[in-house]
Amino acid sequence: MKITATQITELYAFTRQHFVEHYDVQTELVDHLANDIEHIWKAHPALSFQEARTMSFKKFGVFGFMDVVAQKQKAMNQHYWTILLRFAKEWFSLPKIVSTLLLFLIFYTLLQFSFAKEIILIALGVLVLLNGYILFKNRHREKNKKKDKVFLLESMIGSSRNGISFISLINLFNLGTTFDIPFFTLEMYWQVLIAFIATLLCILYYITAVVMPSKAEELLAETYPEYKML
């Protein structure tokens with residue numbers, strides 16, 4: 001026997017019931033289940049679809065689909081960082097290297113002043129408020145256009161824009177208020193290192209909060225051949 005279109009739809013619903021949220025992971029599991037069910041029917045043709053599905057599902061073990069989900073998340077996390085680093089490299093090549101050097105020089109010059117910490121904290125505070133406002137608007141917009149089929153990479157890009165960057169800013173602000181560091185008294189190599197790290201953090205923040213979300217459609221089509229068909 002062959003799996004029908006209706007049964008394929010039921011398998012998608014089955015994966016969702018077992019806490020598989022993302023469409024690409026669901027599709028991989030549905031494909032595996034469908035092939036295995038057809039293989040089971042060859043050996044046990046009298047079994048119903050539900051019985052064969054249960055037999056196939058038991059092969060995933062006590063934790064069900066969770067191990068598969070964890071493996072897919074790990075693989076996609078590596079893919080996400082590959083994309084992020086690809087965009088980051090662009091900032092160290094022409095013409096963006098000019099902007100990168102200018103940003104570095106601004107941070108380095110700022111560290112020469114006794115009031116550097118106050119300026120940095122004010123800038124971080126403004127960014128926290130601005131990012132919080134953007135976060136609120138994005139969540140409101142996404143709530144109004146909730147999608148049935150969300151891909152794992154799509155969710156990761158959205159999480160970076162909506163949460164990770166915001167939390168990072170708050171942590172940096174808290175770190176700045178906790179340690180009283182007179183930057184202008186530090187040795188030059190420390191100031192260079194701090195300016196470089198600050199520049200790198202700004203670039204990574206901009207990529208995760210602005211660049212990748214703006215290119216989400218392109219990145220999803222690049223990662224998932226079936227994305228445009230949906």
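Numbering of residues begins at 1 and proceeds along the displayed sequence.
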Hphob cluster co-occupancy, [X] + [Y], side-chain heavy atoms under 4.5 angstrom:
| X | Y | value |
| --- | --- | --- |
| L84 | M76 | yes |
| I197 | W190 | yes |
| I157 | W81 | yes |
| L110 | Y189 | yes |
| L153 | V211 | yes |

Verdict with supporting geometry, T15 and V25, side chain to side chain contact (heavy atoms under 4.5 Å, CB included): CA-CA 9 Å; T15 60; V25 185; over 6 Å; no
Taking [Y]'s backbone N and O only, do any of them form a donor-acceptor pair with [X]'s side chain (distance below 3.5 Å, no angle check)?
| X | Y | answer |
| --- | --- | --- |
| E38 | N35 | no |
| E51 | S48 | yes |
| H79 | A75 | no |
| T27 | Y23 | yes |
| Q26 | V20 | yes |
| S155 | L152 | no |
| T109 | I106 | no |

Steps toward side chain to side chain contact (heavy atoms under 4.5 Å, CB included) verdict (F196, F107): CA-CA 8 Å; F196 175 77; F107 279 120; over 6 Å; no
Any chance you could measure [X], atom [atom1], to [Y], atom [atom2], to the nearest 0.5 Å?
| X | Y | atom1 | atom2 | value |
| --- | --- | --- | --- | --- |
| F49 | T6 | CZ | OG1 | 9.5 Å |
| I83 | T223 | CD1 | OG1 | 4.5 Å |
| D36 | R53 | CG | CZ | 13.0 Å |
| C202 | I207 | SG | CD1 | 11.5 Å |
| Q50 | M55 | CD | CE | 13.0 Å |
| I37 | H39 | CD1 | NE2 | 12.5 Å |

Closest heavy-atom pair and its distance - L33, F57: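 Of all heavy-atom pairs spanning L33 and F57, the closest is CD2-N, 4.4 Å.
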Shortest non-hydrogen separation from Q7 to I3 and the atoms involved: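 Heavy atoms of Q7 and I3 come nearest at OE1-CA, 3.5 Å.
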Does [X] reach the side chain of [Y], with side-chain heavy atoms less than 4.5 Å apart?
| X | Y | value |
| --- | --- | --- |
| N77 | Q73 | no |
| Q112 | Q191 | yes |
| Y80 | M212 | yes |
| T100 | F92 | yes |
| R16 | E21 | no |
| L94 | I97 | yes |
| T199 | L101 | no |

Taking the inter-plane angle between the rings of [X] and [Y] on a 0 to 90° scale, is it parallel (under 30°), tilted (30 to 60°) or perpendicular (over 60°)?
| X | Y | value |
| --- | --- | --- |
| F115 | F113 | parallel |
| Y108 | F104 | parallel |
| W91 | Y206 | perpendicular |

F60-H32 aromatic ring centre distance below 6.0 Å: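 Yes; H32 has its ring centre under 6.0 Å from that of F60.
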Aromatic contact, F19 with F65 (centres under 6.0 Å):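 Between F65 and F19, which both carry aromatic rings, the centre distance is not below 6.0 Å.
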Modelled atom types, side-chain donor and acceptor of Y227 and E217, under 3.5 Å: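 A donor-acceptor contact under 3.5 Å links the two side chains.
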Pair I8-T4, side chain to side chain contact (heavy atoms under 4.5 Å, CB included): steps then yes or no: CA-CA 6 Å; I8 289 291; T4 66; over 6 Å; no
Atom NZ of K59: over 12 foreign heavy atoms under 6.0 Å: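 Atom NZ in K59 is crowded, with more than 12 foreign heavy atoms closer than 6.0 Å.
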Side chain to side chain contact (heavy atoms under 4.5 Å, CB included) partner of L219, the single match among F151, Y224, F87: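 Among F151, Y224, F87, the one that satisfies the side chain to side chain contact (heavy atoms under 4.5 Å, CB included) with L219 is F87.
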